[in-house]
Amino acid sequence: MLEVQSTYYESESMFHGFMNHIMGTRLDILLLHPDSTLADKLWSAIVDELKCLEKMLDRFNPQSEVALLNKHLSVNKTPISTELWSMLQLCRQYYEQTLHLFDITLKDFSQVNFHSNCFISSNQPDLSFDFGGFAKGYALKKIRKMIVCANVKNAFVDFGNSSIMGIGHHPYGECWKVSFLNPYNQMPLSEFDLKDTALSTSGNTRQYTRHIINPLTGIYDEQRKASTIVSEDPLDAEVLSTVWMIANEQQREQINTNFKNIKGTIYTL
C-alpha cells in the first residue's frame with residue numbers, strides 16, 4: 001500500500017514529504033522554502049515522477065515496461081520508450097566505464113543490440129534487465145533537477161538511508177551531516193558533510209547477504225564489508241557503490257580514473 005504524506009513546519013520554513021514504499025524503499029524529502037504552496041506543488045510533481053519511474057522499471061510488476069521487455073526481448077527488434085532507451089544507453093556507458101562490473105543483465109550487457117528509432121534486440125534469448133542498482137540514483141538526479149528548477153536552494157533527499165542527496169545546507173549548519181552506521185552493530189563508521197553532493201552506500205548485513213553478485217564470475221559477495229561513494233552526481237554514486245563492493249583494489253583505481261570528483265571507501269565490518 002502506498003502512503004504519501006507531507007508536513008509543513010511554518011516556523012522553520014521547512015516542508016517534509018515522505019512515501020513509505022517507492023522503488024522498494026522509503027523516501028523522505030526536506031525542502032526549505034518560505035512558500036508552502038510552492039513546496040506542495042514541487043512535492044506533488046516529485047511523487048508523480050517517481051510513480052511513473054516505478055511503473056516503468058519495476059521488474060516484479062508484470063505490467064511494467066521493463067517486465068514486458070524482459071518477457072519479449074529476443075533476436076527480433078523490440079520497441080521501447082524514449083526514456084528507457086536513454087537509460088539503457090547510460091547503462092551501456094557505465095558498463096564500459098566500470099570494466100563490465102556494472103551490468104544490469106547480471107550476465108553480459110554486450111549481448112544487447114541497439115537499433116535506430118528506440119529498438120533493441122539481444123543475441124542471448126534469456127537476457128533480462130534489473131535496474132535495482134541504477135533506479136534510485138537516476139531518480140535522485142531527476143529530483144535534483146526539479147528542486148533546482150523550482151529555485152529551492154536547500155533540500156535533503158533520503159532513499160531508505162542508502163541513497164542520500166544534500167542540496168545547499170541544513171538551516172542550522174553549513175551542510176547536511178549524515179552518519180554511516182555499521183549494519184552489524186549500529187556503531188558509527190563515518191560521518192559525511194553533504195553540500196550539493198550525494199552519498200550512496202552498499203554492503204551486506206546479518207540478514208541480507210546474497211544480493212550483490214559479480215556479473216563476470218556469477219559469484220555472490222558475502223563478505224562482511226560495506227562501501228560508500230560520495231559524488232556530485234547521484235547516479236554515479238549509486239552505480240559505483242555496488243561496483244566498489246565487487247571490484248578489487250586495482251580495478252577500483254582504474255575505474256576511478258573514469259569519473260570526476262568521487263570518493264569511494266571500503267569498510268571491513
Side-chain angles (χ1 to χ4, degrees), residues 23-24 52-142 163 200 202 209-222 227 229 233-248 250-259 262 264:
M23 293 186 173
C52 288
L53 285 177
E54 183 171 58
K55 186 177 180 180
M56 179 192 300
L57 299 177
D58 183 6
R59 65 191 178 97
F60 298 110
N61 175 1
Q63 299 306 312
S64 76
E65 184 176 5
V66 166
L68 293 172
L69 177 61
N70 287 343
K71 184 177 180 180
H72 298 294
L73 182 64
S74 69
V75 294
N76 298 316
K77 295 180 182 179
T78 304
I80 59 176
S81 66
T82 302
E83 185 165 20
L84 186 57
W85 166 270
S86 298
M87 288 186 200
L88 287 171
Q89 294 276 15
L90 280 171
C91 289
R92 179 168 64 175
Q93 178 180 319
Y94 282 119
Y95 174 74
E96 298 297 340
Q97 289 177 317
T98 62
L99 309 179
H100 302 174
L101 290 174
F102 174 78
D103 187 342
I104 60 169
T105 72
L106 298 180
K107 290 183 178 180
D108 187 356
F109 193 87
S110 68
Q111 298 299 309
V112 180
N113 304 312
F114 291 82
H115 309 279
S116 58
N117 300 319
C118 298
F119 280 80
I120 66 168
S121 63
S122 173
N123 301 327
Q124 192 168 327
D126 62 342
L127 212 64
S128 62
F129 300 113
D130 179 354
F131 285 85
F134 176 93
K136 288 188 295 181
Y138 183 84
L140 281 178
K141 202 162 182 175
K142 297 197 81 168
S163 301
S200 181
S202 186
T209 55
R210 292 179 61 84
H211 66 111
I212 300 172
I213 188 171
N214 186 324
L216 301 181
T217 64
I219 298 173
Y220 286 95
D221 187 307
E222 300 186 63
S227 68
I229 300 285
D233 187 324
L235 183 51
D236 283 356
E238 182 75 9
V239 166
L240 293 177
S241 65
T242 302
V243 168
W244 245 236
M245 283 288 293
I246 56 180
N248 59 40
Q250 183 179 3
Q251 288 170 325
R252 292 186 202 113
E253 289 179 1
Q254 188 173 346
I255 292 168
N256 193 72
T257 63
N258 295 326
F259 296 89
I262 68 162

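Residue numbers run from 1 in the order of the sequence given. Since the model is a prediction, treat every value here as computed from it, not as a measurement.
By the 4.5 Å heavy-atom criterion applied to side chains, Trp244 and Ile255 are counted as neighbours. Here the side chains of Glu238 and Leu140 are not in contact, with every heavy-atom distance at 4.5 Å or above. Two residues are said to be in side-chain contact when any heavy atoms from C-beta on lie closer than 4.5 Å; Ile229 and Asp236 fail this criterion.
Between the Ser163 side chain and the Ser200 main chain, no donor and acceptor come within less than 3.5 Å of each other. Between the side chain of Glu253 and the backbone N or O of Gln250, no donor-acceptor pair lies under 3.5 Å.
Closest heavy-atom contact between Leu127 and Ser122: CD2-OG, 3.5 Å. Across all non-hydrogen atoms, the minimal contact from Leu73 to Thr78 is CA-OG1, 4.1 Å. Of all the heavy atoms in Glu83 and Leu53, the pair that sits closest is OE2-CD2, 3.9 Å. Closest of all the heavy-atom pairs between Cys118 and Thr82 is SG-CA, 4.0 Å.
Every residue was checked against the side chain to side chain donor-acceptor pair (under 3.5 Å) condition with Ser202, not counting sequence neighbours, and none meets it. Here Gln89 pairs with Trp85, Arg92, Phe114 under the side chain to side chain contact (heavy atoms under 4.5 Å, CB included) rule; sequence neighbours left out. Residues passing the side chain to side chain contact (heavy atoms under 4.5 Å, CB included) test with Ile219 are Thr217, sequence neighbours excluded. Lys141 is linked by a side chain to side chain donor-acceptor pair (under 3.5 Å) to Asp233, counting only residues two or more places apart in sequence or in another chain. Legend: residues meeting side chain to side chain contact (heavy atoms under 4.5 Å, CB included) with Asp126, ordered by chain and number and at least two apart, are Lys107, Gln124. In terms of the side chain to side chain donor-acceptor pair (under 3.5 Å) criterion, residue partners of Thr105 (sequence neighbours excluded) are, by chain and number, Asp103. In this view, Phe134 and Phe131, Tyr138 satisfy the ring-ring contact (aromatic ring centres under 6.0 Å, His included) rule, not counting sequence neighbours. The side chain to side chain donor-acceptor pair (under 3.5 Å) test applied to Asp221 returns Lys225, not counting sequence neighbours. Taking His115 as the reference, Lys77, Asn113, Phe119, Ser121 meet the side chain to side chain contact (heavy atoms under 4.5 Å, CB included) condition, with sequence neighbours excluded. With sequence neighbours left out, Glu96 forms a salt bridge (charged side-chain N to carboxylate O under 4.0 Å, His left out) with no residue at all. By the ring-ring contact (aromatic ring centres under 6.0 Å, His included) test, Tyr95 is found to be paired with His100, Phe109, residues two or more places apart in sequence or in another chain being considered.
Note on residues 57-69: pairs passing salt bridge (Lys or Arg N to Asp or Glu O under 4.0 Å), not counting sequence neighbours, are Arg59-Asp130.
Within 6.0 Å of atom CD in Gln254, 12 or fewer heavy atoms from other residues, nucleotides or ligands are found, so the atom counts as exposed in its surroundings.
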- Task: Tell me, with the steps shown, if Leu88 and Ile104 meet side chain to side chain contact (heavy atoms under 4.5 Å, CB included).
- Result: CA-CA 9 Å; Leu88 287 171; Ile104 60 169; 3.7 Å; yes
- Task: Test Val112 against Phe129 for side chain to side chain contact (heavy atoms under 4.5 Å, CB included), laying out the working first.
- Result: CA-CA 10 Å; Val112 180; Phe129 300 113; 3.8 Å; yes
- Please report the C-alpha distance between Leu57 and Leu84 in whole Å, then the side-chain angles of each, then the deciding distance to 0.1 Å, and finally whether the side chain to side chain contact (heavy atoms under 4.5 Å, CB included) criterion is met. CA-CA 9 Å; Leu57 299 177; Leu84 186 57; 4.1 Å; yes
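Between the CD atom in Gln93 and the OG1 atom in Thr98 there is a gap of 10.5 Å [rounded to 0.5 Å]. Interatomic distance, Gln97 CD to Leu90 CG, rounded to the nearest 0.5 Å: 9.5 Å. Note that CG of Leu99 is 8.5 Å distant from CG of Leu216, once rounded to the nearest 0.5 Å. Taking CD1 of Ile120 as the reference point, atom CD1 of Ile80 lies at 4.5 Å (rounded to 0.5 Å).
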